[in-house]
Amino acid sequence: AAAAAAAHSDATAATSSHLPTPTTTAASAPTTHHTHTHTPQTSEELVLASAFPTVHASAPNGRTALLHMLACPDTDTPALPAMCLIFSMLNNKVVSVELLREANIMPASTMELTNRDFVVALLAILTDACRPGTQVRMSAANVAVALLQQLACARIPRPAAPVPETYGLDFGGLLSPRADSDTAPLTRSIRRTSDRSPAASPLRRSSVRSTMTSPVTRSLTSPVVEAMPAVKEEEMVTVSLLQETHIHTLKELQVLSIKQLLECYQRMIEGGDFSKKEKFLELFEAEYRAYNPSPPSRFWSSECILYPSTAPCLHDRPFEMRQAATPLEHTRRAIFIFLLLRRFTAEVQGEEERTFPLCHPPVPLNIADSLYLRHGSNVLIPCVVASVRTDNTTGPAVRRVLTVDQWRVIIAEPDTRQPDCYLVRYIADIGAVELHSDITNLRALTLKVRDTKQTFLFYVFTAILEFDDHRHCVQASQVIQKGKEQLRIAKIGILEDLMGMSRAAKHTFVVTSP
């Protein structure tokens, strides 16, 4: 805003320097018109005056200018600076609440939706982002969603669970209700006491309240007010202020993003085999792992928001600040828009994501967990495991058991305390496991585990597995390869169901073993 004000003042000075200076005499005095001109006084009015020098700096006219900049179909060149300005006004402590209220740009923390025009304009920008051939960049869609969260999604503390009223003693849940414990008679007596009526209870409700007061009650009754503890982020919930028409528009936008993703998917696998489906799956999972919308402050500190979206100087800029140039970039953009709208719609509706990540195990496993594995129903392959350090030296060799389920590769050791039970020593996602054979030892395999959270290739674990004979070595390789293939087929099926593909289109290709 300061740079815009300086540029505007330089332009005004340059223009006025070329104008002739009017001369006045005493005989012919200039005619003056008594018109009221508003001079910006506050810092908020100076910001609006520097941003919109041709518009009166009052709040309603500044609001009209912002809406005019947002209402530009098929492009985000004027809309991106306007959205960054609104976001900075909402997050700037210097901007007064009165100015925001006059301009109807109140944040969602006030629990009132007075900025319906801005919400509709932002939804229109997201609609243009879902259309093919549009010039709306990923950065504009990202800032639009962040601004909608500021305007229509309030974060409040999670309401506490209702506490049942009791008229007896309360030990804070320290007594266990188990019948075999020594405190069971006391627990039963407490239950009988709590079942009594207020009149029959020996301890009145007034005495309970006087002896067991909450921190809030103590702070209201005591002369020294205690500071309330800060609420953690995981204890906050999102309350949406959007109307039913806005939520219906969000659902339509999600359908448009799925349609755009389906077009990119069909274009990518056209005339190919199952390997192209696997390539799309790898691209989708890579974009999902790397999905991290940048904060809007990153965009307004860049000169990219001042250039048109099709400017040639943006070719060497980050992908989210320019237009997609190749079919692969169009697919990446469609995946980003799909994930952005899906997460925002789930946040508005208060729903929990259950589809992503793809094919995640319903029950997590941790190190040292005990598993009940039988030799008849589970594949248990004994082997000797020697981990490889970063300096390419091997650690001590230990006797372990290798097994595979639908999602993971598990290395365990027998539990001596319980029969047919094994203690988990290492867990890895089966999709991130790579196997390499050793030409010098036909009974050994090198197992490498990729870091799925990184966009580049990085191995987090490397070990040498040596089996009892060559047959067990081949069996372990076939079991892991088959598990990876079945997992890829299941993930591709979930994506195709999500995109609404027909059953005939799903079984066009023939799956071959790697």
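- Between Y426 and F461, the ring planes lie parallel to each other; the angle is under 30°, not in the 30° to 60° tilted range.
- Partner of L253 under the side-chain contact (heavy atoms from CB on, under 4.5 Å) criterion, chosen from I337, L340, L341: L341.
- Between L262 and Q266, some side-chain heavy-atom pair lies under the 4.5 Å cut-off.
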Inset, instruction - Walk me through it: do R408 and D429 pass the test side chain to side chain contact (heavy atoms under 4.5 Å, CB included)? - result: CA-CA 5 Å; R408 296 160 294 213; D429 183 12; 5.6 Å; no

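- Looking at F336, F356, F284 one by one, the single match for ring-ring contact (aromatic ring centres under 6.0 Å, His included) with Y291 turns out to be F336.
- Listed for the R322 side chain is a donor-acceptor partner under 3.5 Å among the backbone atoms of R317.
- Inter-residue side-chain proximity for Y288 and L358 is flagged as unmet; no heavy-atom pair is nearer than 4.5 Å.
- Atom CD of E244 has 12 or fewer neighbouring heavy atoms from other residues, nucleotides or ligands inside a 6.0 Å radius.
- Nearest heavy atoms, L90 versus M106: CD2-C, 4.3 Å.
- We find the OG1-CG distance between T331 and L283 to be 6.5 Å, quoted to the nearest 0.5 Å.
- Taking each heavy atom of C153 and F344 in turn, the nearest pair found is SG-CE1, 4.0 Å.
- Contact record, R342 with T355: NH2-OG1, 3.2 Å, taken as the closest heavy-atom pair.
- A heavy-atom distance below 4.5 Å is not found between the side chains of L148 and V348.
- Taking the side chain as every heavy atom from C-beta outward, L242 and T249 never approach each other to under 4.5 Å.
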Legend entry - Stepwise side-chain hydrogen bond (donor to acceptor under 3.5 Å, both in side chains) test for E252 and H248: CA-CA 6 Å; E252 292 181 349; H248 180 69; 2.9 Å; yes

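- A donor-acceptor pair is defined here as one N or O able to donate and one able to accept, closer than 3.5 Å; no such pair exists between the side chain of K491 and the backbone of C359.
- For the atom pair CD of E353 and CZ of R343, the computed distance is 7.5 Å after rounding to the nearest 0.5 Å.
- For the atom pair OG of S96 and CE of M89, the computed distance is 8.5 Å after rounding to the nearest 0.5 Å.
- Side-chain atoms of Q260 and R333, non-hydrogen and from C-beta on, do get closer than 4.5 Å to each other.
- We find that R450 and E434 are joined by a salt bridge, their nearest charged nitrogen and carboxylate oxygen being less than 4.0 Å apart.
- Looking only at distances, no side-chain donor or acceptor of D128 sits under 3.5 Å from a matching main-chain atom of P73.
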Inset, instruction - Walk me through it: do I247 and T345 pass the test side chain to side chain contact (heavy atoms under 4.5 Å, CB included)? - result: CA-CA 8 Å; I247 296 178; T345 306; over 6 Å; no

Inset, instruction - Could you please spell out the steps behind the side chain to side chain contact (heavy atoms under 4.5 Å, CB included) verdict for F280 and L495? - result: CA-CA 10 Å; F280 178 83; L495 286 179; 4.2 Å; yes

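- The minimum heavy-atom distance linking A141 with L126 is given by the pair O-CD2, 3.8 Å.
- Atom OH of Y459 has more than 12 heavy atoms from other residues, nucleotides or ligands within 6.0 Å.
- Contact annotation: the side chain of Q135 approaches that of Q323 to within less than 4.5 Å [non-hydrogen atoms, C-beta and beyond].
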Between side-chain atoms of residues 75-85 and protein atoms elsewhere (two or more places apart, or another chain), which donor-acceptor pairs fall under 3.5 Å?
from, atom 1, to, atom 2, distance (Å)
T75, OG1, T77, N, 3.4
T75, OG1, T77, OG1, 3.3
D76, OD1, R137, NE, 3.4
D76, OD1, R137, NH2, 3.4
D76, OD2, R137, N, 3.0
D76, OD2, R137, NE, 3.1

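- Taken from CG in L122 to CG in N115, the straight-line distance is 9.0 Å, to the nearest 0.5 Å.
- Counting heavy atoms from C-beta outward, I430 and W407 have side chains that stay 4.5 Å or more apart.
- The distance from atom NE2 of H330 to atom CG of L328, rounded to the nearest 0.5 Å, is 10.5 Å.
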Legend entry - Full working for side chain to side chain contact (heavy atoms under 4.5 Å, CB included) between Q243 and V119: CA-CA 10 Å; Q243 299 177 353; V119 172; over 6 Å; no

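- The nearest pair of heavy atoms linking M499 to L261 is SD-CG, 3.9 Å.
- Of all heavy-atom pairs spanning E347 and Q149, the tightest one is OE1-NE2, 3.1 Å.
- With rounding to the nearest 0.5 angstrom, the CD atom of Q150 is 12.5 Å from the CD1 atom of I105.
- The salt bridge (Lys or Arg N to Asp or Glu O under 4.0 Å) analysis of residues 291-300, with sequence neighbours excluded, yields the pairs R298-E320.
- A donor-acceptor contact shorter than 3.5 Å links the side chain of N91 to the backbone of F87.
- At a threshold of 4.5 Å between non-hydrogen side-chain atoms, the residues V143 and I125 do not count as touching.
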